[in-house]
A.B. asks: 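Before I ask anything, here is the structure I am working with.
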Amino acid sequence: MTKVGILRYFSHLDWQNTFLKALGRSNLKVAFSYGYNPKMKVSMGVALPLFSESLCELVDIYLWENIDEAIVKSELEKVLPRGAEVLSVEKIDKTALSIEDSVYWAEYKISIFDKTLYDFEKFVYNTNKVLDSDEILIEKKTKKGLTKTIDVKSSIGKYEFKDESLFIVLKTGKGVPLRADALMNLIAPDVIFDITRTKFLTESLHEL
Amino acid sequence: MCFFQKYNSSLHKCFKPYQYVGGEFLSYNKCFDDAKVRFAMAFPDKYEIGISNLGVRILYELINKEHNYMCDRVYAPETDFIPEPLYALESKRALKDFDVIGFSLQYEMSYPTVLKMLDMAGIPFKNSDRCENDPIIIAGGPCAFNPLPMADFVDVFLIGDGEDSILEVCKIIEQTKGLPRQEKIRRLCEGENSGRWSASIGGRVVKRIAQLKKETAATSYPIPFSSSVQDRAVVEIRRGCGRMCRFCQPGHVTLPVRERDAQEIIDISKELVENTGYDEYSLLSLSSNDYANINEVIKELALDFNEKKVSVTLPSQRIDGFNLELANLVQSVRKSTMTLAPEAGSQRLRDVIKKNITQDQILDAVLTLYENGWSRVKLYFICGLPTETVEDMEEMANLLSSIRYRSKLLKKEKDLKHSLDLTCTLSIFVPKPFTPFQWCSQMSLDGVKAHIDYLMERVSRIKGVKINYSDKYLSLLEAVLTRGDSNLCKYIEALYKKGVYLASWGEHFNKNVWFDTAKKLNIDLEALAQKSYDTNSVLPWDFVDVGLSKEWLQNEYNSAFCVDENSEHVVPTCQTQCVNCGVCSHFNVKKVMAKPYIASEKAQILAKQKRHIEDLNQKDVK
């Protein structure tokens, strides 16, 4: 699925909330968890930070019935907000790996929002400067509220500059994930970038 | 420049940017340029509060359903986002370009926020400073019943139910395009029964009464992308409340009682849940379990909703209307907490406020809930009620302690797993216009503090009882503003100029600013809050006619102060028989009660099965 347009202003939790309400409006028979507070069995995949767009969001939905992929797609299209486009629907086995377990890397397209404030050459220079250094240190807040500095060098995959944009593969999900906005904040603090997640990759860097 | 180009960097810097971009599911997004009347519904509080307001939802739908009119929305932005100028969410057009801006006045503390929003929109905040091209500023909602403290800033007030009135406003605005501003205002307030009032015209005003119709019920409304307060499908099942507890303003100003038919409630609920995708619905009214068909309605809806895992919630319950079947029906999909409202701790005080419940009823209700699996029960109380003394607080502590004691016995006897937790919320009494207590003074802050401290000290020794209470300064300011007259306009203006904004939020409420500003203007806040009026004097808000006869209010006031240990604990109310309050005869209207309704056989079987399964589960637990 995509998450573009005004949907970039919604956090992952809001996105989840919106998606579940949309499912509630559809005619799909979604499975519910048991217990005191039944919830739809839906897994929304790897969180996308606020202000980022995505062309490759993954969602697992457990349904009660075995229906055709095309029906699922058309049912979803009827209820989803603008900016959330269903790209494809695939049946997966109940025993298939969860999204969290299959996603290791993601590719991002990063471009400058306002080129009058920050030009592309400066962007290339600063990016190379940061990415070429031996250590790339990022401060992170731990759950206890303390700040911890970690080296994220190993979380950065291949990158290239193309069409006035940076295409970069970063670790996501398991291990030491690196957020694209956190990296950009290191390269050029206070500059606003348009960040789009373009694809998810497996451990062996195959596109999912 | 397009909106997103202009605001992208501000949106990046603010908290919760979703509230400034609009585009919610089920929002109308009508074309601004094509509309004959452009109405902006303004809510002087944060988005997450405003988006779920039922009144705004109803009026927004009604205007937008009209082909030629468009209604857009605007909420008070948080302080980290400064729009230049303030715009409406859907069209992104400046507020200044609209024909009418309608403010929803829900609570007094939001008054300065109204002025700030007008200022952000580039509209003069004073009626007298606005020019011909500025929008007409109107306001409605519960606080509009006493319009005086805001009279300098709002052109026209809508008193009472808005359903009919709002469309009349749009029509008059359409017809008076091009006419001078004052002429528009005059036309809006024209007629004895318009229900609209302007300080520039003055005179008396009679509240409007709308009937609950299927066509005017909100069956779809903008769904926030994020969660908000009251994030559920809300169905109004009745308006008005026949209990008329003596402190309660909504119970007195929304008469007569009008109930919706059961089948209509069922249809609306289904339609609403289907439209919105919510997994929870709420049957709303001032006192939901006074609606005789409520159990049957929930049973019938359960047929459809249990399978879809759509659960029901109810607002706080009246203790005398409480029944276990209802409590069990409510928890058939998801378990929710139960809230009961005894309001006062001692029998004497409950008689003073005409709560019409006895201590035994309270004990029964709480213990029945406990025995049936609710180990946490919420209770609402009011502190600082007229004639309250420390003895009443002592009795409240005794009540809580005896509930706990009885629950312990029950735990042993029935071998229950959890012990009972009671969470009590104390609010501080505020005398409100149009209630029998409108003449009463508010207890001094020191007095209330002493009472609360006494109770806290007593309760600290009772295990499992937690007490939360509201800010006493807020209650004092509320008392001043709600009974205020037009002398307070300068106070509101001064507060706004001092930067008071979103003051009902703890982080934005600075008590010193409110008190210092009053001092500078020679306004004695304590004296105003504690002022008691003679029952024969003319009150500032007497020009607003809500239908209650003065004589009846005076009688109620006198009976409250005549209560002693021999008084009846339960007296007749409008719920059971006519009490001659005057509303029906004055307006020539009638109480509308729903026809008795029995759920279908299938629904009855399902409810029985459900109960049986629960009984089995409970035995399992033991």
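Below, chain A is the first sequence line, B the second, and so on; all start at residue 1.
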A.B. asks: How about Tyr87(B) and Tyr7(B): are their ring centres within less than 6.0 Å of each other?
C.D. replies: yes
A.B. asks: With chain B as the partner chain, list the residues of residues 92-99 of chain A whose heavy atoms fall under 4.5 Å from it, by residue number, and write 'none' if nothing qualifies.
C.D. replies: none
A.B. asks: Under a 4.5 Å heavy-atom cut-off, does chain A meet the side chain of Lys308(B), its backbone, both or neither?
C.D. replies: backbone
A.B. asks: Let me know if Val79(A) has heavy atoms under 4.5 Å from chain B in its side chain, its backbone, both or neither.
C.D. replies: backbone
A.B. asks: Where on Asp231(B) is there a heavy atom nearer than 4.5 Å to chain A: the side chain, the backbone, both, or neither?
C.D. replies: side chain
A.B. asks: Where on Pro81(A) is there a heavy atom nearer than 4.5 Å to chain B: the side chain, the backbone, both, or neither?
C.D. replies: side chain
A.B. asks: How about Phe225(B) and Tyr9(A): are their ring centroids closer than 6.0 Å?
C.D. replies: no
A.B. asks: To the nearest 0.5 Å, tell me how far Ile51(B) CD1 sits from Tyr221(B) OH.
C.D. replies: 10.5 Å
A.B. asks: Identify which part of Leu80(A) has an atom lying under 4.5 Å from any heavy atom of chain B, answering side chain, backbone, both or neither.
C.D. replies: neither
A.B. asks: Applying a criterion of heavy atom separation less than 4.5 Å, what residues of residues 12-28 of chain A form contacts with chain B?
C.D. replies: Asp14(A), Asn17(A), Thr18(A), Lys21(A), Gly24(A), Arg25(A)
A.B. asks: Students often mix this up, so state it plainly: with edges at 30° and 60°, are the rings of Phe10(A) and Tyr18(B) parallel, tilted or perpendicular?
C.D. replies: tilted
A.B. asks: Once you round to the nearest 0.5 Å, how far does CD1 of Ile150(A) lie from CG of Leu137(A)?
C.D. replies: 9.0 Å
A.B. asks: Write out, in numerical order, the residues from residues 21-30 of chain B with a heavy atom short of 4.5 Å from a heavy atom in chain A.
C.D. replies: Val21(B), Gly22(B), Gly23(B), Phe25(B)
A.B. asks: If you measure from CD1 on Ile110(A) to CD on Glu164(A), what distance do you get to the nearest 0.5 Å?
C.D. replies: 14.5 Å
A.B. asks: What residues of residues 43-63 of chain A sit under 4.5 Å from chain B when only non-hydrogen atoms are counted?
C.D. replies: Leu50(A), Phe51(A)
